[in-house]
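Everything on this sheet refers to the single structure shown next.
In listed order, ligands and their atoms are each counted from 1. The structure presented is a predicted model; accordingly, all values stated were derived computationally and were not measured. Starting from 1, each residue takes its place in the sequence as its number.
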Amino acid sequence: MSNLKRAIGLMSGTSMDGIDIALLTTDGENRIERGPSVSMPYSDGFRARLKAALLDARSISQRIDRPGVLRRLERDLTLLHVVAVNDFLHEYGLKPEEIDMIGFHGQTVLHRPHEALTIQLGDGALLASETGIPVIYDMRAEDMRHGGQGAPLIPAYHAALAENLPAGLDRPVVFVNIGGISNLTCVGEGGALIAYDSGPGNMLIDQWMEMHGQGSFDSGGAIAMTGHVNANIANRYLDHEFFTSPHRRSLDRADFSVPAKEEMSLADGARTLAFVSAAAILRSASHLPSAPRSYVISGGGRKNQAIMSELSALAEREDARVVDADHAGFDGDAMEAEAWAYLAVRSLHGLPLTYPSTTGCNMPVSGGIIARP
Ligand SMILES: Nc1ncnc2c1ncn2[C@@H]1O[C@H](COP(=O)(O)OP(=O)(O)OP(=O)(O)O)[C@@H](O)[C@H]1O
Ligand SMILES: CC(=O)N[C@H]1[C@@H]2OC[C@@H](O2)[C@@H](O)[C@@H]1O[C@H](C)C(=O)O
């Protein structure tokens, strides 16, 4: 009997721009068949509610606390995921009974690894009852109970993808996800894994654009491409203890703040923050035991031309190649959602989601809670 399962992965990331949905058929190990994927953007109003809720989340001290607006928001967020799943099933002519499980990330509203506290809003039981599909959720907590950072979790999936790298991508290969926050996974010769968060990704750029009334992101990096890097401000970010400390740790959105509006012009700010996003990745990669030969970039940040050109220039100096995940045979938009489907299957099979070399946990750890319809 095969261990193959058909799973839907759902990711609502730190950019808070919407829900990514992907279908994956996998054994949770080396067999991966990628299915369709879509994104369901949040309305401006819902996005604003998520952002406002980050403030209420700061007073959480126990995992079950839902102060202020959080309880109602968790329900609404879950119902949006219900709509996302049901629309997806309809669009691809699938029935709930044809899906073995959903891997549900939810929305991180607080992440304090030093307090072993991480909160992802999302009601797994409600999602299961409203879709008729078993749901595996809350996949970060068990890692923290074993001394881990609770993030990143995508490395187990990166490791499986690295089994099928196209020719020309030499190891060590580093998978980089440039979302609101960026994280990297280095896969060395023989499959050795090292992973950690690598710095601010798009979140500062997004906040900078919003502050200037220029929408929620710098589309294509078009504004950044007309600006110049302010080296003093860039160094202020890059000299942060996060990069200089010998210890790697995971990040919360609140760890870095946007520059003050009057510090730079719109274009120089967009360019400087794109440079910071790129340089942060290289600076974090300098803590790896051996120099990477290739970087495979996923996440929305790969669509920002300024980030990508800064990254390519910096990597070239170290004789490394930078490749968009889409050009390496992967799907740079769906990779996180695919990962949550993959991790759900691993969770079901009791396989580790994290390792000492990915989150700093004290042993390989599985995790996740299952909610049945
Ligand atoms: N066309 C584009 N041009 C420039 N930037 C873009 C474009 N599309 C998306 N982005 C950036 O990517 C972000 C979304 O990226 P992504 O969906 O990978 O993040 P996330 O999954 O929410 O975050 P995380 O991985 O930290 O959880 C947007 O907020 C925006 O900054
Ligand atoms: C606590 C949390 O939600 N962390 C996210 C965030 O967004 C990117 C980076 O920081 C990563 O550590 C993680 O998400 C990815 C998907 C992960 O766990 O692999």
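- Of all atoms in ligand 2, numbered sequentially from 1 with element shown, those under 4.0 Å from a heavy atom of Leu153 are 17 (C), 18 (O), 19 (O).
- Residue contact check: Ile154 has heavy atoms under 4.0 Å from atoms 17 (C), 19 (O) of ligand 2.
- At the top of the distance list for atom 7 (C) of ligand 1, counting protein heavy atoms only, stands Phe217 CE1, 3.5 Å.
- Protein heavy atom closest to atom 29 (O) of ligand 1, with residue, atom name and distance, is Asp206 OD2, 2.6 Å.
- Taking atom 21 (O) of ligand 1 as the reference point, the nearest protein heavy-atom neighbour is Glu336 OE1, 2.7 Å.
- Electrostatic pairing of Arg31 and Glu29 does not count as a salt bridge here, judged by no charged N lying under 4.0 Å from a carboxylate O.
- In this structure, the protein non-hydrogen atom closest to atom 18 (O) of ligand 1 is Gly300 N, 2.9 Å.
- Counted within 6.0 Å of CZ on Arg293, heavy atoms from surrounding residues, nucleotides or ligands total 12 or fewer; the atom is thus considered open.
- Atom 19 (O) of ligand 1 has Ser15 OG, 3.1 Å as its closest protein atom, hydrogens excluded (heavy atom only).
- With sequence neighbours left out, the side chain to side chain contact (heavy atoms under 4.5 Å, CB included) criterion links Arg283 to Leu238, Asp239, Phe243.
- For ligand 2, the polar-atom distance check against Ile181 finds no nitrogen or oxygen pair separated by under 3.5 Å.
- If you run side chain to side chain contact (heavy atoms under 4.5 Å, CB included) between Leu10 and each of Asp20, Val85, Val135, only Val85 comes through.
- Nearest protein neighbour of atom 3 (N) of ligand 1, counting heavy atoms only, is Gly220 N, 2.7 Å.
- Judged purely by distance below 3.5 Å, without hydrogens or angles, the side chains of Asp170 and Ser294 never pair a donor atom with an acceptor atom.
- A salt bridge does not link Arg271 to Asp218: none of the charged side-chain nitrogens sits closer than 4.0 Å to a carboxylate oxygen.
- Between Trp208 and His212, the ring planes lie tilted relative to each other; the angle falls in the 30° to 60° range.
- For atom 23 (O) of ligand 1, the closest heavy atom belonging to the protein is Gly180 N, 3.0 Å.
- The protein non-hydrogen atom at the shortest distance from atom 9 (C) of ligand 2 is Asp197 OD1, 3.5 Å.
- With no hydrogens or angles considered, no side-chain donor-acceptor pair links His111 and Arg253 at under 3.5 Å.
- Other residues, nucleotides and ligands contribute only 12 or fewer heavy atoms inside 6.0 Å of the CG atom of Asp44.
- The contact set between ligand 1 and Asn177, taken as ligand atoms under 4.0 Å from a residue heavy atom, comprises 25 (O).
- Here the protein heavy atom with the shortest distance to atom 16 (C) of ligand 2 is Glu336 OE2, 2.9 Å.
- In summary, the atoms of ligand 1 found under 4.0 Å from a heavy atom of Gly299, numbered by their order in the structure, are 18 (O).
- Distance from atom 6 (C) of ligand 2 to its nearest protein heavy atom, with residue and atom name: Thr14 CG2, 3.6 Å.
- In terms of protein heavy-atom proximity, atom 5 (C) of ligand 2 is nearest to Arg140 NH2, 3.8 Å.
- Each of the atoms 1 (C), 2 (C), 3 (O) of ligand 2 lies under 4.0 Å from some heavy atom of Thr108.
- Paired with His105 under the rule side chain to side chain donor-acceptor pair (under 3.5 Å), one option of Glu336, Arg140, His81 passes, and it is Arg140.
- Near Asn183, meaning under 4.0 Å from one of its heavy atoms, ligand 2 places the atoms 8 (C), 9 (C), 11 (C).
- Judged by distance alone, the side chain of Tyr342 and the main-chain N or O of Gly28 form a donor-acceptor pair under 3.5 Å.
- Protein heavy atom at the shortest distance from atom 26 (O) of ligand 1 is Thr14 OG1, 2.4 Å.
- Each of Leu24, Leu94, Thr26 was compared with Arg6 under the side chain to side chain contact (heavy atoms under 4.5 Å, CB included) criterion, and only Leu94 meets it.
- Ligand 1 has an N or O atom lying under 3.5 Å from an N or O atom of Ile181, backbone or side chain.
- With a heavy-atom cut-off of 4.0 Å, Trp340 touches ligand 2 through its side chain alone.
- Classified by interplanar angle (parallel below 30°, tilted 30° to 60°, perpendicular above 60°), the ring pair Tyr237/Phe256 is tilted.
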